[in-house]
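One structure is given here, and the rest of the page talks about it.
The first residue of the sequence shown is numbered 1, and numbering continues consecutively from there.
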Amino acid sequence: MPEAKWRVRVHSTHLGCRSCGRSFEPLEPNHFSFNSRFGWCPACRGLGVQKACDPKRVLKSPKLSLAEGLLWLWPDLSRPLSRAMLKALCDGTGLPPDVPYHKLSAEHRRLLWFGTGDRWFEVAAGQDGAKLRFRFRGIQGAVERASSVSPNLASQVKRWMRQQKCLVCNGGRVREEAAAVRFQGRTIVELCQMPLAELYQAVQQWQLPAEQQRVGGELIREIRSRLQFLLDVQLDYLTLHRRTATLSHGEAQRIRLASQLGSGLSGVL
């Protein structure tokens, strides 16, 4: 997305981009917070990570083919209906049932993981001529679906999942409009991913024109002060992007200490 200088006002409540023609609402402070529903990435809700299927857990062995029971998720292939469903899927998509997973093409692997969309397949379901129609959601879609149906199923499929960086925000946590805004040549995501020592040096070099100084001068002084307290308790190697759950007990204690030092209280033990 182009920087702010290329934006033009489309109408009274929206901004537009001259290059792509896209319009969006004017940004406010809460749009830059991943703790706010207005600011967080809609895909990961500000976590920066998503749950995804782990191939090492979902596939029995990459040396097996679909017909040999490659997937833990597929129904028991000893049952005629399960074999008929697999045959209908392979016939309808060209997915080879007897080729080991590690020899499948990239297109066939993509189909296996992400499914066939809204396409339906049909198989005979009994002696009376009844038909069974089904969709193939793919491995990823099947696991996500199962985890959202009931807590019991969610606990069962949990062993097949792992956390990965959010594919939408690339781990940045904030919505794309906020992530595109630059201040002093850097985005908020880039600033939050810098070690505190480097971030402090970058903030020290910020020079604002007189007009911007009236608006943000006090805010920048507060940022410098808080960063200085974090450096004073020897947390110069941390980043603001660091998740709380990954901090050691000592690091969490020193962050609380820095918060108290910056509160301005006196006469308190």
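Judged by distance alone, the side chain of Q50 and the main-chain N or O of Q163 form no donor-acceptor pair under 3.5 Å. Under the 3.5 Å distance criterion, the side-chain polar atoms of R221 are left unmatched by any main-chain donor or acceptor of G216. No donor-acceptor distance shorter than 3.5 angstrom exists from the side chain of T187 to the backbone of A180, with no hydrogens or angles considered. A donor-acceptor contact shorter than 3.5 Å is absent between the side chain of R175 and the backbone of C41. Judged by distance alone, with hydrogens and angles left aside, the side-chain atoms of R137 form no donor-acceptor pair with the main-chain N or O of G117 at under 3.5 Å. For the pair R173 (side chain) and H241 (backbone), a donor-acceptor distance under 3.5 Å is present. Listed for the R224 side chain is a donor-acceptor partner under 3.5 Å among the backbone atoms of V203. A donor-acceptor pair is defined here as one N or O able to donate and one able to accept, closer than 3.5 Å; such a pair exists between the side chain of R182 and the backbone of G185. Between the side chain of R133 and the backbone N or O of W120, no donor-acceptor pair lies under 3.5 Å. A donor-acceptor distance shorter than 3.5 angstrom exists from the side chain of H102 to the backbone of P62, with no hydrogens or angles considered.
Residues P55 and W113 meet the side-chain proximity criterion, which asks for heavy atoms closer than 4.5 Å. Between L77 and L66 the shortest side-chain heavy-atom distance does not fall below 4.5 Å. Using a 4.5 Å heavy-atom threshold, the side chains of F32 and L27 count as touching. Inter-residue side-chain proximity for T93 and R119 is flagged as met; some heavy-atom pair is nearer than 4.5 Å. Two residues are said to be in side-chain contact when any heavy atoms from C-beta on lie closer than 4.5 Å; R186 and M194 meet this criterion. The shortest distance between side-chain heavy atoms of T239 and L196 does not fall below 4.5 Å. Two residues are said to be in side-chain contact when any heavy atoms from C-beta on lie closer than 4.5 Å; V143 and M161 meet this criterion. V49 is not listed as a side-chain neighbour of C166, based on a closest heavy-atom distance of 4.5 Å or more.
When every heavy atom of T116 is checked against every heavy atom of F121, the shortest pair comes out as OG1-CE1, 3.5 Å. Summarising the geometry of V168 relative to A43, their closest heavy-atom pair is CG2-CB, 3.4 Å, with the distance given to 0.1 Å. Summarising the geometry of F134 relative to M85, their closest heavy-atom pair is CZ-O, 3.4 Å, with the distance given to 0.1 Å. Minimum interatomic distance between A178 and H31 (heavy atoms only, all atoms of both residues): CB-O, 3.2 Å. What you find for V174 and C169 is that their closest heavy atoms are O-CB, 3.9 Å.
Connection of V189 to L47 is not established within any shared hydrophobic cluster, with ILVMFWY side chains joined at heavy-atom distances below 4.5 Å, either directly or through further cluster members. Cluster annotation: L86 is connected to W72 through the hydrophobic network of ILVMFWY side chains, with a link wherever side-chain heavy atoms come within less than 4.5 Å. L219 and L240 fall within the same hydrophobic cluster, where Ile, Leu, Val, Met, Phe, Trp and Tyr residues are linked whenever their side-chain heavy atoms come under 4.5 Å apart, directly or through other members.
Using a 3.5 Å distance cut-off with no hydrogens or angles, the side chains of S105 and R109 do not pair a donor with an acceptor.
Around the CZ atom of R45, the shell of radius 6.0 Å holds no more than 12 heavy atoms that belong to other residues, nucleotides or ligands. For R226, the CZ atom is loosely surrounded, since the number of other residues' heavy atoms within 6.0 Å does not exceed 12. For R135, the CZ atom sits in a packed shell: over 12 heavy atoms of surrounding residues, nucleotides or ligands are nearer than 6.0 Å.
Ring-plane geometry between F136 and W74 is classed as tilted, the angle between the planes lying from 30 to 60 degrees on a 0 to 90 degree scale.
Under the 4.0 Å criterion applied to side-chain N and carboxylate O atoms, K60 and E68 are not assigned as salt-bridge partners. With respect to the salt-bridge test (charged N to carboxylate O, under 4.0 angstrom), the residues R242 and E251 qualify.
With rounding to the nearest 0.5 Å, the separation of CG in L70 from NZ in K63 is 13.5 Å. Taken to the nearest 0.5 Å, the CZ atom of R110 stands 13.0 Å off from the CG atom of L104. The CZ atom of F38 lies 11.0 Å from the OG atom of S33; values are rounded to the nearest 0.5 Å. We find the CG-OH distance between L230 and Y200 to be 11.5 Å, quoted to the nearest 0.5 Å. To the nearest 0.5 angstrom, L71 atom CG is 9.5 Å from Y101 atom OH. For the atom pair CD1 (I220) and CD (Q212), the distance works out to 8.5 Å, reported to the nearest 0.5 Å.
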(Q) Let's go through Q164 and R162 carefully: what are the C-alpha distance in whole Å and the side-chain angles of both, what is the deciding distance for side chain to side chain contact (heavy atoms under 4.5 Å, CB included) to 0.1 Å, and is it a yes or a no? (A) CA-CA 7 Å; Q164 69 175 20; R162 63 177 172 82; 3.7 Å; yes

